[in-house]
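The next block holds one structure in the form of structure tokens; read it before the comments.
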Amino acid sequence: MLLAEPSSNTQQQRERAVELMFEKYKIPALFLAKNAVLTSFASGRATSLVVDCGGGSTTVAPVHDGYVLQKAVASSPIGGEFLTDCLMKSLESKGIKIKPRYSFKRKEIRPGVFQTVDLDLPNTTESYKLYSQRLIASDIKESVCRAPDTPYDETAYANIPMTSYELPDGQTIEIGADRFKIPDILFNPSLAQIIPGMENFSEVGPSARGLSQMIIESINKCDVDIRRELFSSILLAGGTASMQQLKERLEKDLLEESPQAARVKVLASGNTTERRYSVWIGGSILASLGSFQQMWFSKSEYEEHGASYIQRKCP
Amino acid sequence: MDAKDILGLPKTQFPIPQEKKSRPPKEPQRKPDGISREVYALTGGIAPLMPSIEVSQLKKRPPSDEKITWQWLPFTNSARKDDLQLFHWVRVVNGVPPTGDYAFAKYNKKVNIVKYTDEEYEKYLSDPAWTKEETDQLFELCEQFDLRFVVIADRFPSSRTVEELKDRYYSVSRAILLARAPSPADVAGHPVVKEPYNMSQEIERKRALSMVLSHTKQQDRKDAEVLAEAKRITESRLAAKGAEEPDLPPTAGAGAENSEKAMATGDIASPSNPSAVPGTSVVMADNASILASLRMLRVYLRSYALDQMVQAASSSAGLRTIKRVEQLMQELGVNLKPKVPTKAVCAEHLELRRDILALLNLQKQLQNKEAEGSFHDSPYSEAPGTPKRSNRDQDRPFMPEALNFGADRLGKNNQKRKGLQVPGRTSEGAPSPAHKRPRKLKASDL
């Protein structure tokens with residue numbers, strides 16, 4: 001059983017996972033690998049800087065020779081879910097109501113023309129409603145949002161042509177400046193405050209940094225000798241990384257702030273599915289290697305040395 | 001009997017195409033067997049000099065007397081310390097599973113780390129900055145991570161820099177080796193003993209590298225601008241210096257160059273080309289640029305330098321003028337290329353050429369102005385004793401007009417000036433020294 005764990009997992013969490021695996025599920029052998037390492041292996045590199053833009057958070061982790069440099073890992077709570085929330089609040093403030101899928105039924109009166117009938121289901125919970133709304137909002141985000149080429153500016157994007165999107169209940173909504181505002185929150189978290197309804201963001205706000213700053217910070221915490229290598233192999237992973245134009249925007253931002261001597265290169269696999277599941281792909285590559293077979297943490301070793309032995313075995 | 005006979009058609013109706021057909025189309029090469037035609041064409045239709053694959057091997061099938069099956073079998077790995085048995089697919093031949101160790105076990109290599117005992121630690125290895133626990137921890141991590149110091153520094157509980165860790169590790173290994181060796185000569189060849197780890201040097205190197213890497217793009221742009229500015233200033237300064245001081249001492253030139261970092265060629269003696277008489281600014285600018293280009297070469301012949309100067313000087317003149325210059329020089333008895341190109345000789349040669357060029361130019365100008373003047377009435381000429389321009393005869397010899405020459409020229413200049421009455425010019429003003437020369441020459445020549 002090869003388990004992929006977050007790059008900033010604590011010792012206790014790992015030991016608990018080990019115990020759970022061996023005691024409850026009775027597996028013969030286990031290995032705990034960090035997400036960043038697996039993503040790195042999925043692209044064929046032993047040294048790289050992995051930028052994982054996931055749903056819950058964004059993590060920047062440098063990997064050197066197959067090991068994560070833990071002191072240089074940077075993470076921020078802004079992830080895909082956060083962007084979806086922002087989008088929802090923004091649409092609500094514009095008066096657009098997103099109806100969850102279960103709350104209506106569409107009947108075909110005439111060919112091509114639908115009529116929606118609202119259903120009233122009193123037993124649905126509030127959280128389920130929110131969840132369904134989120135689903136729709138995240139679909140809007142994935143299909144319509146694009147990372148802007150330059151940092152977002154209210155005035156510059158005021159006259160942008162609107163794109164239309166059809167909600168499941170037949171409503172068509174126009175999305176203009178939000179297309180670019182929402183993704184720019186990744187790069188500039190303070191933007192979220194201007195969205196009405198997101199004022200409570202200020203609790204989370206101060207700790208969050210933009211994506212480019214996190215990358216530069218992380219690299220500067222590493223040893224000087226490997227910085228150049230890290231700059232030239234920055235990997236993008238995660239669901240949010242499949243946003244359009246994100247790679248180009250990131251490259252542009254980094255070229256501005258990076259030193260002249262280093263050559264900046266951002267790599268991302270072309271396939272969005274590959275980006276989302278790069279951790280799994282890396283895990284499968286690792287597990288099928290012949291020389292990996294000696295690295296398993298087996299049940300007998302667990303019985304002999306205990307759960308804390310995992311630290312030695314899976315660094 | 002074929003159809004043609006029956007029909008009575010002539011047999012040789014199409015003699016030419018048949019001949020063509022009979023000639024088989026010339027095959028470039030006969031394609032070898034075993035490779036398909038398309039694949040062969042990929043290589044350009046020519047057989048490789050050394051065939052990489054034996055053609056016969058391609059068609060060889062595995063001998064069918066063996067029976068191959070794939071089975072899901074357990075295996076042990078000698079690289080593992082426990083006897084974990086995992087399963088995998090195995091190619092079984094004739095029901096006999098393969099023997100021998102797991103194929104990848106041989107890749108389990110480890111670095112040889114020196115191990116010390118407690119007594120050895122007490123005797124050789126105590127260090128004020130390092131406790132025993134820390135040293136033990138360090139060595140454990142070294143073994144676990146195969147001496148990847150970047151990762152070790154990352155996982156080390158107390159924060160120590162990579163250089164400190166490396167320093168401690170190498171000094172300990174060194175001390176142990178020396179202590180254990182029967183005589184120092186035995187281990188002198190060992191890399192750890194031969195080249196000790198120099199911590200301060202490493203720290204310096206890393207600091208320099210971090211400085212380089214922390215320059216952002218804006219800073220680099222500013223640096224480039226500053227350097228370009230500095231280069232321009234020094235070049236203009238050098239040109240000015242060359243104009244002021246005729247005998248530019250080479251060391252001064254070299255010193256000036258050395259003092260600024262933009263010029264890479266700091267210690268070349270500048271070819272001093274004293275132009276004794278300050279010529280026109282155009283000439284000096286030429287000189288400066290030639291000097292600059294010559295300085296780029298570290299070693300060059302003086303005759304080459306002279307050629308460059310001559311070329312530059314005569315670049316403004318046409319081919320005909322150059323020929324006339326050379327003609328004149330030959331009449332004077334001067335070689336076109338000086339036989340002994342020493343510094344003084346070259347300088348004089350160049351000066352001579354320039355003067356001849358100036359003379360010819362002035363003569364041409366004079367002729368042009370005379371031609372113009374013959375169509376003009378010039379009320380402005382006040383030069384004493386100047387015959388009217390209209391009376392002037394073009395084919396009068398030049399010589400007698402020597403005295404009037406200057407006056408005429410000044411008259412021409414007066415004509416050019418619109419509405420300005422030039423006061424009398426009996427003394428011929430202060431003609432530029434360059435004009436004196438051609439007249440002198442003429443007087444002595446002809």
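Please read these numbers as outputs of a predicted model, since none were measured by experiment. Note on naming: letters A, B, ... go to the chains in the order of the sequence lines (proteins, then strands), and numbering restarts at 1 for each one.
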Is [X] atom [atom1] crowded by more than 12 heavy atoms from other residues, nucleotides or ligands, each under 6.0 Å away?
| X | atom1 | answer |
| --- | --- | --- |
| A/F292 | CZ | yes |
| B/R205 | CZ | yes |
| B/W130 | CH2 | yes |

Mind checking the CG-CZ spacing from A/L69 to B/R148? Nearest 0.5 Å is all I need. 11.5 Å
Spacing of A/K71 atom NZ and B/F156 atom CZ [to the nearest 0.5 Å]: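 Going from NZ on A/K71 over to CZ on B/F156, the span is 9.0 Å.
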I'd like to check the salt bridge (Lys or Arg N to Asp or Glu O under 4.0 Å) partners of B/R168; sequence neighbours left out, ordered by chain and number.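 In terms of salt bridge (Lys or Arg N to Asp or Glu O under 4.0 Å), with neighbours along the sequence ignored, B/R168 is linked to B/D127.
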side-chain hydrogen bond (donor to acceptor under 3.5 Å, both in side chains) partners of residues 215-224 of chain A, not counting sequence neighbours, each pair once: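 Checked against side-chain hydrogen bond (donor to acceptor under 3.5 Å, both in side chains) - neighbours excluded - the pairs reaching residues 215-224 of chain A are A/R209-A/E217, A/D223-B/K206.
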Check each atom of A/I226 against the heavy atoms of chain B and say whether the ones under 4.5 Å are side chain, backbone, both or neither.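 For A/I226, the side chain is the part near chain B, not the backbone.
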Between A/V68 and B/R155, is the side-chain contact (heavy atoms from CB on, under 4.5 Å) condition met? List the steps. CA-CA 10 Å; A/V68 171; B/R155 307 288 162 117; 4.3 Å; yes
Okay, B/R207 and chain A: the region with an atom under 4.5 Å from a heavy atom over there is neither
Which answer fits B/V150, side chain, backbone, both or neither, if we ask what part of it has an atom under 4.5 Å from a heavy atom of chain A? both
